[in-house]
Amino acid sequence: PDRSMPPRRTTTQRSEPSQPPDAAANDRGRDHAAVPASAPGRDADDTLRILVATDNHLGVNEKDPIRGNDSFETFEEILQIAKERRADCVLLGGDLFHDNKPSRSTIVKAMDILTRYCLNDDDIDFEILSDQSNFTTGKVNFENENLNIGLPVFTIHGNHDDPSSVDNTSAVDILASANLVNYFGKANLQYGVDSDPHGEVKVSPILIRKGDTKLALYGLGNIRDERMCRLLNRPHGVQWARPTEYEEEWVNVFVLHQNRVAHLQGAKNIVKESHLPRWLHMVVWGHEHECIISPWKSHISGGAFSVLQPGSSVATALSEGESKKKHVFMLEMKAGKWRTVKIPLETVRPFVFDSVVLANQESVNPGNPNTVVDFLTAKVEKMIERANLDRTDKSPDLPLVRLRVDYSGFSTINPQVFAQQFVNKVANAQDILMWQKAAARKKDKSGKVLPMLSVEAPSLRLEDMIGKNLKE
């Protein structure tokens with residue numbers, strides 16, 4: 001096929017420091033507006049369709065005889081959705097691999113899936129206008145005259161597959177060197193006389209145009225949370241490059257892979273929405289595994305931009321957030337307007353999470369352990385029934401079930417013996433129950449229970465002292 005494209009134009013860019021949290025409120029992005037409905041399939045109109053997914057964690061539980069292939073089956077489904085819905089490209093938000101040094105088997109499976117879905121004779125209907133130095137290979141893969149790329153994949157790295165060693169390479173670099181993905185957003189901290197003594201990072205966009213639709217795609221792979229927060233809190237810690245020509249015509253999308261919420265009590269090193277510049281229109285947030293099915297206006301930024309949190313495509317932990325229904329999203333843009341379409345994943349293993357407090361159950365007697373076993377057995381059986389209701393034709397046979405049990409005032413039961421009755425019924429028979437006990441409550445002299453006090457982390461930590469006093 002004729003894969004010739006118009007000459008690539010380079011748009012001059014200017015650098016801007018990151019805006020402080022109290023930036024002027026009138027620097028707003030355009031409102032979320034619906035894209036006119038169009039027939040499915042890649043066509044000659046200007047609608048740019050990007051399939052968005054994050055945290056695929058290829059290779060997670062690869063040694064588990066039941067769950068070892070889950071991540072690969074769902075990743076293949078994601079690319080299949082992109083092909084069936086004729087996406088122009090795929091955008092991944094980090095943690096493509098689960099391990100920093102994935103096994104050879106994992107790398108081979110990943111390359112096989114990408115080869116089957118990305119190398120074909122389909123036309124590429126958009127062009128890259130910007131300088132391509134932000135790609136690790138120096139060039140987008142579909143402009144390689146030796147390859148036929150029909151489905152470009154753009155990805156940043158996460159905290160699991162981040163660059164390491166003296167040559168600053170990642171497992172994602174292997175896929176990029178094979179021209180299977182376009183790896184961007186690898187931070188290069190700058191130090192010197194003219195830069196901040198603590199380092200600064202420059203973020204340049206990939207400028208994409210499809211007809212009259214223009215996208216400025218910014219990406220920044222995972223940086224250690226402590227350093228990232230220091231960079232964003234300093235006026236010139238992050239330098240943003242923006243197009244100088246027709247600035248208002250560009251839709252600005254930023255994909256990152258950082259903590260958005262504090263997962264531990266007292267955690268302070270999280271990236272806040274207020275840290276990000278107000279001229280962004282959308283932020284695709286990787287690293288958080290809970291899927292939130294609709295983008296929301298960032299109230300912290302005064303509604304300047306919307307946030308999309310796709311969540312992980314495979315359960316890497318038996319937590320409540322991972323049990324939420326998993327989706328990918330089609331981001332459709334046309335002439336400055338955009339919308340997202342949520343697409344449920346059908347190959348994900350069904351997962352039900354629930355919690356019980358034994359002290360609140362009338363049928364349970366603290367002096368009779370058999371009543372505890374009977375109650376928990378009946379509860380798990382009902383959870384398995386709920387999981388089977390969520391099953392699709394493509395779902396794996398055995399579901400995941402996790403029951404959090406508050407056993408305050410009771411004794412635990414033998415988890416191995418309990419698990420035996422659910423072998424061949426669930427995929428995680430040895431990890432069904434999670435025991436926890438409520439914290440002891442103190443009483444005053446009159447016997448009244450005192451209110452629970454929150455436990456706070458020390459106000460000054462080692463990394464804070466280093467960042468404050470050590471001159472790099």
Side-chain angles (χ1 to χ4, degrees), residues 1-6 32-54 56 73-93 96 110 112-129 140-144 147-155 175 179-182 184 206-217 251 253 255 282 284 293-295 308 310 313 326-348 392-394:
D2 181 10
R3 299 183 61 80
S4 61
M5 296 185 63
H32 179 179
V35 175
S38 57
R42 208 184 282 176
D43 47 37
D45 71 8
D46 297 344
T47 303
L48 181 64
R49 300 177 181 87
I50 303 175
L51 190 75
V52 182
T54 67
N56 308 111
E73 291 182 356
T74 304
F75 184 59
E76 183 167 359
E77 181 191 1
I78 292 170
L79 296 183
Q80 187 175 7
I81 291 172
K83 293 288 291 183
E84 291 175 350
R85 302 210 176 202
R86 306 296 288 173
D88 289 289
C89 61
V90 175
L91 176 62
L92 303 179
L96 176 59
D112 175 65
I113 295 172
L114 288 166
T115 298
R116 285 188 282 114
Y117 285 89
C118 298
L119 270 62
N120 55 64
D121 293 335
D122 291 346
D123 292 330
I124 303 297
D125 297 326
F126 65 90
E127 57 181 330
I128 305 294
L129 301 181
V140 70
N141 62 354
F142 62 78
E143 291 188 6
N144 187 328
L147 295 172
N148 277 3
I149 302 294
L151 180 62
V153 175
F154 297 89
T155 183
L175 304 182
N179 284 291
L180 294 176
V181 301
N182 299 293
F184 71 110
I206 301 170
L207 300 181
I208 298 174
R209 184 182 68 180
K210 183 179 181 182
D212 292 332
T213 300
K214 298 178 180 179
L215 166 66
L217 177 61
V251 177
V253 176
V255 55
M282 169 172 279
V284 178
I293 61 174
S294 298
L308 176 64
S313 60
K326 296 188 180 297
H327 298 73
V328 292
F329 295 82
M330 187 70 77
L331 174 59
E332 299 182 348
M333 288 178 287
K334 184 173 183 179
K337 298 181 180 180
W338 61 269
R339 72 173 181 181
T340 58
V341 179
K342 60 180 181 291
I343 306 169
L345 293 170
E346 298 182 355
T347 59
V348 175
T392 69
D393 294 337
K394 299 179 181 179

Can a salt bridge be assigned to the pair E332 and K337 using a cut-off of 4.0 Å between side-chain N and carboxylate O?
no

L308 CG to L331 CG distance, which is reported to the nearest 0.5 Å
7.5 Å

CZ/F75 to CG/L92 distance, rounded to the nearest 0.5 angstrom?
5.5 Å

How many angstroms lie between atom SG of C118 and atom CG of N141, to the nearest 0.5 angstrom?
8.0 Å

For T47 and K210, which heavy atoms make the closest approach, and how far apart are they?
O-NZ, 2.8 Å

Using modelled atom types only, decide if a donor and an acceptor are shared between the side chain of D123 and the backbone of D125 within a distance under 3.5 Å.
no

d(C89 SG, N182 CG) to nearest 0.5 Å is 9.0 Å

Stepwise side chain to side chain contact (heavy atoms under 4.5 Å, CB included) check, I50 with M333:
CA-CA 9 Å; I50 303 175; M333 288 178 287; 3.8 Å; yes

Heavy-atom pair of closest approach, residues D46 and T213
O-OG1, 2.6 Å

Any sub-3.5 Å donor-acceptor pair from N56's side-chain atoms to A53's backbone N or O?
no

Tell me, with the steps shown, if E73 and K394 meet salt bridge (Lys or Arg N to Asp or Glu O under 4.0 Å).
CA-CA 10 Å; E73 291 182 356; K394 299 179 181 179; over 6 Å; no

If you take all heavy atoms of V251 and L215, which pair is closest and at what distance?
O-CD1, 3.3 Å

Report the distance from atom CD1 of I78 to atom NE2 of H327, rounding to the nearest 0.5 Å.
12.5 Å

With side chain to side chain contact (heavy atoms under 4.5 Å, CB included) as the test, would you mind laying out the steps for M282 and W338 before giving the verdict?
CA-CA 10 Å; M282 169 172 279; W338 61 269; 3.2 Å; yes

Closest non-hydrogen atom pair between K83 and L151, with its separation:
CD-CD2, 4.0 Å

Here the pair of heavy atoms bringing I113 nearest to E76 is CG2-CA, 4.0 Å

In plain terms, say whether D212 and K334 are close enough for a salt bridge, that is, a side-chain N and a carboxylate O under 4.0 Å apart.
no

Without swapping roles, check the side chain of D88 against the backbone of R49 for a donor-acceptor pair under 3.5 Å.
yes

For the residue pair F142 and P152, what are the closest heavy atoms and their distance?
CD2-CG, 3.6 Å

E77 side chain vs T347 backbone, donor-acceptor pair below 3.5 Å
yes

Over 60° means perpendicular and under 30° means parallel, so tell me whether F184 and F154 are parallel, tilted or perpendicular.
perpendicular

Value for CG (L79) from CG (L51), rounded to nearest 0.5 Å, stands at 8.0 Å

